[in-house]
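Data first, discussion second: the structure below is written as structure tokens.
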Amino acid sequence: MRLVEETPFRFRIDRHGDMRVPGVVFASRELLPPAGDGSLEQVANVAALPGIVGASYAMPDVHWGYGFPIGGVAATDARRGGVVSPGGVGFDISCGVRLLAADLDRRDFQRVREELMDQLGRAVPRGPGRGAVWDLPRREDLERLLRDGSRHAVDRGYGVPRDLDRCEDFGAVPDAEPEQVGERARERGLGQIGSLGSGNHFLEVQAVEQVHDARAAEEFGLHPDQVCVMVHCGSRGLGHQICTDHVRAMDRTMADRGITVPDRQLACAPVDSPEGRAYLGAMAAAANYARANRQVLGWAAGAALRRVTGRGLDLVYDISHNLAKLEEHEVGGQRRLLCVHRKGATRALPPGHPDLPRDLDAAGQPVLIPGSMGTASYVLTGVAGGDAFHSTCHGAGRRQSRHQAVRSVDAKVLRRDLERSGVAVRGGSARGLAEEAPTAYKDVDAVVAVAEGAGLCRRVARLVPLGVVKG
DNA sequence: ATGTGC
């Protein structure tokens with residue numbers, strides 16, 4: 001793949017083959033994906049989608065994914081034949097991050113460390129399959145949750161109304177269509193409301209180690225040495241089943257519509273078509289399920305903290321990094337309705353954006369970046385003039401495949417090293433730990449520095465782990 | 001990511 005270095009933080013893939021727009025890769029030379037990884041070919045493939053506008057973007061944490069790269073952003077013109085593609089969202093619809101700030105500093109944590117980690121370990125269902133904080137919900141609760149997301153979880157006592165001001169979309173994506181969610185997806189979702197899942201999902205106790213922007217940190221409710229809880233999880237089996245169902249449905253209609261794509265995993269349909277609308281309605285419902293999942297888990301973590309210390313947790317923000325959203329953006333001097341796919345990429349709204357609550361006007365939208373296990377995480381904020389439809393990175397980004405990681409890492413040694421470095425570990429299978437070893441990931445400090453250097457966001461605070469409950 | 005694979 002031929003790359004043109006435009007700046008130290010921005011590379012271009014010129015149009016070739018079926019590409020309708022160029023590719024843009026935000027990276028440094030060091031962070032560019034290795035040859036053979038396939039992700040830059042995926043950036044070029046995405047550029048061939050009908051209705052794509054601007055460019056096919058890759059963030060500094062880009063790596064290979066299903067159809068679209070993880071760390072990819074692509075927007076299509078919703079009213080002029082632009083398509084929506086489930087592969088541009090990913091199987092874990094609305095996977096994302098919730099950060100809560102404790103009324104506690106890191107010295108207080110050290111005094112209760114073992115007891116608190118034990119309580120969190122018991123309170124947070126994890127691993128594959130069933131088992132959830134909100135067990136035995138009624139069918140009617142699932143319906144409302146698919147439509148109202150965190151709002152319904154709060155209505156049912158899993159949080160307080162103030163939480164909703166700190167949720168993307170105030171707790172629920174509009175236009176969810178629960179009737180587009182199949183029975184199998186519902187059955188899988190019923191027993192998993194308030195559960196981490198596995199893979200790279202976790203709940204972490206962290207401390208604010210460095211503040212880069214004191215004013216924004218204060219507006220987000222963060223200060224040095226403060227203890228925080230970060231939850232990283234998604235829509236579990238429900239979102240996975242929805243993705244599977246709708247990829248299949250779209251795959252069947254592509255030929256009839258005369259849509260051709262360079263990779264079958266880019267199955268898509270026009271936003272304004274029965275299949276496109278059906279997917280977007282079901283996807284929004286899965287997004288609301290994922291938000292409610294994080295709402296319930298944050299509540300469970302707060303209850304555990306209160307039992308051990310008497311202190312509470314306040315929500316800093318909750319944001320999805322796997323989602324397609326209908327948003328208005330200016331393209332070529334015109335306001336247009338775009339379907340912005342962010343897959344392993346985070347929305348980063350600048351200060352004063354109308355979709356933010358007014359008390360975030362000065363600071364902008366909090367962007368939550370989970371690092372790999374045992375490494376730092378970041379809180380960032382959006383910037384005026386940001387590129388890629390107000391988007392930035394979502395994490396460290398894989399450098400090794402799961403298979404490579406398992407071959408090169410001894411889970412027992414990893415667990416011991418984490419404990420020795422002061423990170424208490426609860427849960428996590430041997431295989432799961434090895435797959436998520438920090439050596440399998442890029443350096444999150446470098447990823448975030450490049451995202452900031454490329455003008456996509458600004459650093460607010462750096463957080464370091466004190467304890468992890470591993471999915 | 002996922003009751004991990006048509």
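Labels below follow one simple rule: chain letters A, B, ... track the order of the sequence lines, proteins then strands, and each chain is numbered from 1. Because the structure is a prediction, the values reported are computed rather than measured.
When rounded to the nearest whole Å, the span between OH of A:Tyr289 and P of B:dT2 equals 11 Å. Following rounding to the nearest Å, A:His240 (NE2) and B:dT4 (P) show an atom-to-atom distance of 9 Å. The distance between atom CD1 of A:Ile242 and atom P of B:dT2, rounded to the nearest whole Å, is 14 Å. Across the protein-nucleic acid pair, A:Arg402 atom CZ and B:dT2 atom C1' stand 10 Å apart, rounded to whole Å. One atom, CZ of A:Arg431, and another, P of B:dT2, lie 14 Å apart when rounded to the nearest Å. One interatomic measurement links the two molecules: CD of A:Glu436 to P of B:dT4, which rounds to 18 Å at whole-angstrom precision. Following rounding to the nearest Å, A:Asn293 (CG) and B:dT2 (P) show an atom-to-atom distance of 10 Å. Atom-to-atom, CD of A:Glu435 to P of B:dT4 comes out at 14 Å; the value is rounded to the nearest Å.
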Validation: residues 445-453 of chain A side-chain donor-acceptor distances under 3.5 Å, sequence neighbours left out:
unit_1, atom_1, unit_2, atom_2, d
A:Asp445, OD1, A:Tyr378, OH, 2.5
A:Asp445, OD1, A:Arg462, NE, 2.9
A:Asp445, OD1, A:Arg462, NH2, 3.4
A:Asp445, OD2, A:Arg462, NH2, 3.2
A:Glu452, OE1, A:Arg459, N, 2.6
A:Glu452, OE1, A:Arg459, NE, 3.2
A:Glu452, OE2, A:Arg459, NH2, 3.4

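Taking the nucleotide of DNA chain B with the nearest heavy atom to each of A:Gly197 and A:Arg248, the more 5' of the two is matched to A:Gly197.
Contact annotation for A:Gly199: backbone-only contact, meaning every heavy-atom pair under 4.0 Å involves sugar-phosphate atoms and none involves a base. Residue contacts shown for A:Glu187 are absent, as no nucleic acid heavy atom lies under 4.0 Å away. The residue A:Arg236 sits close only to the backbone: its heavy atoms come under 4.0 Å of sugar-phosphate atoms, none of a base. No contact: A:Arg398 has no heavy atom under 4.0 Å from any strand.
Heavy atoms only, all atoms of each residue included: A:Arg126 and A:Gly471 are closest at CB-CA, 3.9 Å.
With sequence neighbours left out, A:Asp155 forms a salt bridge (charged side-chain N to carboxylate O under 4.0 Å, His left out) with A:Arg144.
Of the side-chain N and O atoms in A:Ser198, one or more sit less than 4.0 angstrom from OP1 or OP2 of B:dT2.
With a 6.0 Å radius and a threshold of 12 heavy atoms from other residues, nucleotides or ligands, A:Arg416 has its CZ atom above the threshold.
Taking the six-membered ring for Trp and thresholds of 30 and 60 degrees, A:Tyr158 and A:Trp299 have ring planes more than 60 degrees apart, a perpendicular arrangement.
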